[in-house]
Each structure stands twice: as structure tokens, then as C-alpha cells.
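A short write-up of the structure that comes next.
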4 protein chains.
Amino acid sequence: MRADAARNRARVLRVAREQLAAGDDSLQLNTIARLAGVGVGTVYRHFPNRHALLEALSAERFQQLVDEARAAAAAEDALAGLHRMLRFSLARALDDPGFAAVLESSGDSEARTSVMKAELDGAVTELLDRARRSGAIRGDIEADDLRRLICGIQHAVRSGDGTSRYAELYLDVLIEGLRPAR
Amino acid sequence: MRADAARNRARVLRVAREQLAAGDDSLQLNTIARLAGVGVGTVYRHFPNRHALLEALSAERFQQLVDEARAAAAAEDALAGLHRMLRFSLARALDDPGFAAVLESSGDSEARTSVMKAELDGAVTELLDRARRSGAIRGDIEADDLRRLICGIQHAVRSGDGTSRYAELYLDVLIEGLRPAR
Amino acid sequence: MRADAARNRARVLRVAREQLAAGDDSLQLNTIARLAGVGVGTVYRHFPNRHALLEALSAERFQQLVDEARAAAAAEDALAGLHRMLRFSLARALDDPGFAAVLESSGDSEARTSVMKAELDGAVTELLDRARRSGAIRGDIEADDLRRLICGIQHAVRSGDGTSRYAELYLDVLIEGLRPAR
Amino acid sequence: MRADAARNRARVLRVAREQLAAGDDSLQLNTIARLAGVGVGTVYRHFPNRHALLEALSAERFQQLVDEARAAAAAEDALAGLHRMLRFSLARALDDPGFAAVLESSGDSEARTSVMKAELDGAVTELLDRARRSGAIRGDIEADDLRRLICGIQHAVRSGDGTSRYAELYLDVLIEGLRPAR
DNA sequence: AATGAATGAGGGTTCATTCAT
DNA sequence: GATGAATGAACCCTCATTCAT
């Protein structure tokens with residue numbers, strides 16, 4: 001990729017991220033192009049449609065999650081690692097509703113997304129298995145369930161006032177609910 | 001209300017319900033008018049905006065929930081009543097995503113909705129209080145939290161394949177998470 | 001006319017006048033009906049269309065103008081009477097742009113309007129003739145020209161800030177312009 | 001500006017001018033787009049609203065007026081220049097009611113219009129000042145008053161049959177009215 | 001590779017007028 | 001006579017996407 005092309009791509013991604021963070025989830029490509037100081041055509045060259053842009057935006061966050069999951073999997077205490085992982089995921093999903101949408105979706109339009117999702121689920125499955133072996137986690141919940149549940153929690157938090165008070169509380173409900181039945 | 005007005009209103013509501021059930025949540029007033037065989041103006045007369053229509057659609061389901069909550073509150077066992085109530089709420093929210101949207105929203109545009117929400121929360125609060133006194137429910141969760149959490153669970157179930165297998169599982173996670181910390 | 005019909009007609013006229021006075025010249029029959037506390041159908045029964053309402057509104061003012069013109073024609077000093085008449089006409093036209101529209105229009109849709117216009121022009125013609133005989137007014141201006149010129153002045157005043165400063169000034173320009181050429 | 005953009009802009013302006021000339025002052029952007037053979041979006045890109053289009057239409061005529069006013073100001077006889085200027089303005093306003101609307105309006109939406117208006121008023125003020133010094137014009141009338149009065153006269157002429165007989169006559173009334181009081 | 005003007009389907013909403021009640 | 005619900009043409013404007021420059 002030419003240097004200017006790469007720079008433009010990065011600009012577009014940055015602006016798109018800022019827009020989402022500012023609460024505008026319409027992600028209008030014309031607007032993004034203007035704010036990024038490039039033509040619309042350039043945006044379309046890099047991202048054939050809105051969804052491709054969303055997925056590209058998610059890729060970076062996905063990588064963070066994978067890294068976090070692997071770090072957690074490498075830690076001594078699997079349960080603590082899992083909790084850390086869940087808290088981290090929720091925070092990222094709250095940061096970026098677009099990312100949450102990709103995280104919970106089952107049909108990805110870019111192969112890369114599916115790959116990262118598989119990697120994430122793989123790392124989380126390891127964590128879950130270890131935590132389960134020590135009796136800390138119920139047996140009927142899998143990595144993809146956790147992805148969906150975290151997004152559900154994100155949804156609930158967002159429909160309140162979105163403050164961390166709700167995030168902590170609802171996350172705690174989830175965490176308690178993951179224990180084996182008494 | 002005049003007979004023809006009532007008939008048109010009912011038609012519009014029926015069509016809107018069908019649209020939502022068919023997975024189209026755009027709820028376009030022109031489209032609905034056409035399908036209902038009435039003029040657009042008629043739709044606008046009855047429902048000044050999309051949200052008003054959504055709320056009207058929800059009113060009936062809301063009443064069901066209020067009835068259920070009161071029945072549960074009247075029952076002997078508060079915890080069992082609460083669980084029944086949660087299961088019922090989740091089922092209704094899964095039936096109708098529009099209803100879920102109104103259920104979790106904090107800003108209602110029709111006073112009637114707020115009234116019903118308050119009635120619902122009142123009945124659930126009674127249930128919660130009784131269940132709490134018997135030590136079965138954690139102390140930091142209120143009726144509005146439950147509304148949001150159920151909608152979050154609905155969201156998670158829907159992002160899976162929406163089958164009752166997920167509904168049962170995720171609901172159980174929520175229910176377990178509502179117990180007092182061990 | 002039945003008493004209630006007359007009462008409704010009067011109400012509609014009153015509300016329409018208030019609307020115009022408030023600067024809303026859209027004269028929406030639905031709005032007027034609502035404000036008057038009658039059904040739209042009732043408004044339509046009395047006034048088949050917007051224009052009919054406008055003309056009805058003008059009738060009363062027209063009568064005032066005719067009265068004023070006759071009073072002026074009866075006075076000793078024709079020129080002073082004419083000036084008084086012009087000032088009065090301008091004030092009424094500024095009060096009510098709808099009236100100004102009827103006043104300047106050449107095609108009336110109600111016979112009654114044409115009759116009053118003829119009466120007005122008749123009285124003004126008398127004034128003009130007398131003033132002309134004493135050499136105070138140029139010979140090439142007729143009553144209908146005066147109607148149009150007053151409405152033109154009203155237009156000019158309105159496009160300024162509409163204050164009486166402009167009204168006085170522009171009226172004075174007109175009055176001076178009506179003298180015989182030097 | 002790109003060649004095609006300029007071509008489209010010109011087409012839109014031409015069609016709009018034709019519409020106005022044909023007596024349709026509604027200036028509907030969809031209609032204009034269709035007649036101009038361009039998409040609605042193109043019209044909106046060039047002219048965000050009706051008024052912007054009107055002002056653009058007026059720009060050319062405005063320039064003519066400014067030129068005329070300057071030519072008149074350069075002439076020997078200020079009064080003759082002023083009269084020529086008034087006659088010219090009235091003719092342009094009668095040609096194009098849209099232009100008249102912009103000419104008399106006090107709130108411009110495009111800076112360019114305000115600039116041209118200021119230029120026009122500046123040139124006319126010079127004329128007025130010179131004519132006043134020779135005692136030919138009353139002292140209480142300014143350039144903006146003249147703009148409004150000309151538009152008022154245009155209004156009056158138009159409400160007659162619009163022929164030049166009225167134009168000449170009413171303009172003469174105005175011109176006579178601008179002399180100092182006897 | 002970049003640009004941004006153009007497109008036009010598509011959705012929104014209003015309101016003069018009719019007509020069933 | 002009165003009512004006001006219903007009508008639907010008509011207008012508004014946006015924005016995802018294409019393609020000439």
C-alpha cells in the first residue's frame with residue numbers, strides 16, 4: 001500500500017472511531033470523509049460499505065481482547081483471569097457500540113473477523129476449562145455464550161444512564177450467575 | 001372514539017405488529033399505511049411518530065406484565081413469583097423486540113406508558129422486598145434494574161439463534177446472579 | 001341563519017382575524033376551526049375556500065373605509081379629507097395584510113366585495129374630483145390607482161421594520177407625489 | 001468549480017428563471033431539478049434552500065443595478081441620474097418578482113447579497129447627497145427607503161394590469177414625491 | 001489513487017378538502 | 001347543520017453509492 005493510502009486509511013478509521021465515541025452511530029461515510037479531509041471515493045476505496053468499516057474498526061479492539069484473553073489464560077488464577085477478561089470486554093463494548101454489535105453477531109462479513117472471533121473464543125475456552133476444573137464456573141456456559149452475555153449486559157447498562165455504577169453492578173450479577181449452582 | 005377511527009387504529013396496530021414480527025423494525029409509517037389500506041395522514045393522526053406507535057403496540061403487552069407481576073406478588077412464595085415473572089417478561093420481550101425497546105427505555109413519550117411502567121415496577125418492588133426479607137435476593141438490585149437486565153438477556157438470546165435453549169440458560173444465569181453473594 | 005350557525009361564523013371570523021393579526025398569514029382552516037372550537041366542516045360550510053374567508057374578513061374593514069371616505073367627502077376641505085382617507089386606508093392595510101391583498105386585487109371572487117370596492121372608489125372619486133377642481137391634486141390619478149398605491153406603500157412599510165416612522169414618511173412621499181406637477 | 005458542476009448550476013438557474021418568468025413563484029426544488037434534467041440532490045448541493053436560489057438568481061440583476069447606479073453617479077446631473085436609476089430599478093423589479101423580493105428584504109441569507117446591496121445603497125447615497133445639495137430632493141429619504149419604495153411601486157403596478165402605463169404613472173408619483181416640500 | 005459532484009430512491013411530514021357519522 | 005376522521009397528493013430533504021474528472 002502506498003504511504004498516502006495508508007495514511008488516509010488511518011485517518012478515516014480515526015475519525016470513524018471519534019464519531020462513534022461521540023455517540024453518533026450513523027457512521028455516514030460522507031461525513032467521515034469530510035472530517036478526515038479526504039474524498040468520499042477514498043473512503044469507499046478502502047471500505048466498500050458501512051459494515052466493512054465497522055469491522056475494520058472492530059479489528060483493533062478485537063486484537064486487544066484476544067491479547068487480554070491470552071494474558072488472562074497465562075495467569076495463575078483462571079477465575080480471576082476470567083473476571084478480568086469479562087470486565088475488560090464490557091468496558092470495550094461500552095466504549096464502542098459498533099464493536100459490541102460485531103462482537104455479538106454470529107454472521108461476519110469479513111473472514112478476518114471470524115478468525116479473530118475464533119481466536120478470542122479459543123482463549124476464553126481455555127480460561128473457562130481451567131476455571132471449571134477448579135469448580136469455580138458452571139458447566140453449561142461456553143465462550144460464545146459469554147460473548148453474548150457481555151453484550152447483553154452492555155445493552156442493559158446502556159439503557160440505564162450508562163454510568164459505571166450500573167456497569168459494575170450488572171457485571172457482578174453476571175459473574176455471580178456464572179458460578180456452579182448451589 | 002368513532003367506530004371507523006377505532007377500526008383504522010386497530011388495523012394500523014395489527015399491520016405494525018406484523019411488520020415487527022416479520023423482522024422489519026424500521027416501522028415506516030408510509031408503508032404501514034399502505035399495508036393497512038389507510039392514508040398516511042390517518043396513521044399520523046393516531047400516532048404522531050414512530051415511538052408513539054411503538055408505545056401503543058406495547059401497551060397491551062405491558063398490561064399482561066403488570067397482571068403477571070400482581071399475580072406473582074399475591075403468591076405465597078416471593079422468590080418463585082419473581083422467577084415466574086422474569087421468565088414471563090423475557091418471553092414477551094423475545095416475542096416482540098419493539099416491546100423490549102419500550103420496556104428498557106427510560107424516556108417514554110406517552111404518559112400511559114410511564115404509568116404502566118411505574119405500576120410494573122411497583123409490583124416487582126413488592127416481590128423483591130419480600131424475597132429480600134427471606135434472604136433469597138441480593139440487596140442492591142431494584143425493579144428498574146431487573147427490567148434492564150431482562151432486556152439485556154433478551155438481547156443476548158436474540159444474538160444467538162434465539163431458541164429457547166439460550167433463553168433458559170441465560171435466564172438461569174441471571175437468576176443465579178440475583179442471589180445474595182455467598 | 002340559525003343562531004348557532006351565526007355564532008359559529010362569528011367565532012371563525014374572530015379567530016381568523018386574530019391569526020392574521022398575530023402575523024400568521026397561512027390561514028389554515030383546520031387550525032382556525034380548532035381555535036374557534038368548531039369542526040373543519042363547519043368552517044367549510046361558511047367559507048367554501050380560503051379566499052372566501054379572506055373576503056369575508058375584509059368586508060367589515062371595507063365598510064369602515066367606505067364610511068371614512070363618505071365622511072371625508074362630506075367635509076369642507078377635500079384635500080384634507082383625501083389625506084385623512086389615505087392615512088386611514090394605510091393604517092387598515094398595515095393592520096391586516098389579507099385586507100390589503102383584497103384591496104389591491106382586481107379580480108374579486110365575491111360579488112359583495114366588488115360592490116364595496118365600487119362604493120369605495122365612488123366616494124374617493126368624488127373627493128378626488130373636488131380636490132382636483134381646487135388645483136390640489138394632479139389630473140392623471142384615479143381612485144383605483146390610489147387603492148393600488150396605498151397597498152404599494154403598505155408593502156414598502158412592511159418590508160422595512162413596519163414601524164409608523166416609515167408609514168408616515170412613505171405616506172408623505174405619496175401625498176406629495178399626488179400634487180399637480182410644478 | 002468543475003465544468004460539469006458549473007453547467008448544472010447554470011441549468012438550474014436558467015430553469016428557475018423560466019419558472020419565475022412563467023409566473024410560478026413556488027420555486028419547487030424537485031420540479032426545477034426535473035426540468036433541469038439533474039437530480040434533486042444536485043440542486044440542493046448548489047442551493048441549500050429556496051432563498052439561496054432566489055438570491056443567486058438576483059445576483060446578476062443586482063450587478064446590473066450597481067453598474068447603473070455607478071454610471072448615474074458619474075453623470076453630471078445627479079437628479080437625472082437618480083431618476084434614470086429609479087426607472088431602471090423598477091423595470092428590473094417588474095421583470096422579476098423574485099428579484100424584487102430580494103431587493104426589498106432586509107435579512108439576506110448570502111453574504112454576497114448583503115455586499116451588493118451595500119454597494120448599491122452606497123452608490124445611490126452618493127446620488128442622493130448630490131441631488132440634495134442642489135435642493136432637488138427632500139432630506140428625509142435614504143437609499144434603503146428608495147429600494148423599498150421602488151418595490152412598493154412595483155407591487156402597485158403589478159396589482160394593476162402590469163402595463164407600462166401604470167409603471168410610468170406610479171413612478172412619476174414617486175419621483176414627484178421625492179422633491180423637497182414646497 | 002484521489003476527488004467530490006451527481007444521483008435519485010426513499011423516507012419524512014403537512015394540509016386543503018371530502019364525506020361518513 | 002355540525003363534526004372531525006380520513007384522504008393522499010405534494011412537498012420536503014437526506015444520504016449511500018457511483019463515476020466523471
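Please read all numbers here as calculations on a predicted model, not as lab measurements. Within every chain, numbering begins at 1; the chains are lettered A, B, ... in the order of the sequence lines, protein sequences first and strands thereafter.
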Do A:Ile32 and A:Leu53 come close enough that some side-chain heavy atom pair is under 4.5 Å? yes
Apply side chain to side chain contact (heavy atoms under 4.5 Å, CB included) to C:Val12 and C:His46, showing your working. CA-CA 9 Å; C:Val12 168; C:His46 289 294; 5.5 Å; no
Answer yes or no: does a side-chain N or O of A:Asn8 lie under 4.0 Å from OP1 or OP2 of E:dA1? no
In whole Å, what is the span from the CG atom of B:Leu27 to the C1' atom of E:dG12? 14 Å
Rounding to a whole Å, what distance do you find between B:Leu53:CG and E:dG12:C1'? 15 Å
Tell me whether A:Arg7 is salt-bridged to A:Asp4, with the criterion being a basic N under 4.0 Å from an acidic carboxylate O. no
Side chains of A:Asn8 and A:Arg45: closer than 4.5 Å at any heavy-atom pair? no
Assert: residue with more 5' nearest nucleotide on DNA chain E, out of B:Arg7 and D:Ala5, is D:Ala5
If we fit an axis to the first five pairs and another to the last five of the helix from E:dA2-F:dT21 to E:dT21-F:dA2, what angle do they make, to the nearest 10°? 0°
Provide the start and end nucleotides, 5' to 3', of the part of DNA chain F that has atoms under 4.0 Å from heavy atoms of chain B. F:dG4 to F:dA9
Any donor-acceptor pair under 3.5 Å linking the side-chain atoms of A:His155 with those of A:Glu104? no
CD (B:Glu60) with more than 12 external heavy atoms under 6.0 Å: no
Distance check needed: E:dT14 P versus B:Leu29 CG, whole Å only. 11 Å
Between C:Gly39 and D:Ala3, just flag the one whose closest nucleotide in DNA chain F comes earlier from the 5' side. C:Gly39
Decide side chain to side chain contact (heavy atoms under 4.5 Å, CB included) for A:Arg17 and A:Leu20; before the verdict, give the C-alpha distance in whole Å, the side-chain angles of both, and the deciding distance to 0.1 Å. CA-CA 5 Å; A:Arg17 221 173 333 253; A:Leu20 287 178; 5.9 Å; no
Evaluate the ring planes of B:Phe99 and B:Phe62, with Trp represented by its six-membered ring, and classify them as parallel (under 30°), tilted (30 to 60°) or perpendicular (over 60°). perpendicular
Round to the nearest Å and state the distance from D:Ile32 atom CD1 to E:dG8 atom P. 17 Å
Between D:Gly41 and C:Gly41, name the one whose nearest nucleotide on DNA chain F is closer to the 5' end. C:Gly41
C:Asp25 atom CG is separated from E:dC15 atom P, nearest whole Å, by 13 Å
Specify the separation, in whole Å, of atom CZ of B:Arg45 and atom P of E:dA16. 14 Å
Separation of E:dT3 atom P from A:Arg2 atom CZ, nearest Å, is 10 Å
With a 4.5 Å limit on heavy-atom distance, are the side chains of D:Leu13 and D:Arg9 in contact? yes
Nearest-nucleotide wise, let me know which of C:Arg50 and B:Tyr44 is further upstream toward the 5' end of DNA chain E. B:Tyr44
Base, sugar-phosphate alone, or nothing: which one does C:Asn30 contact when heavy atoms must sit under 4.0 Å apart? base
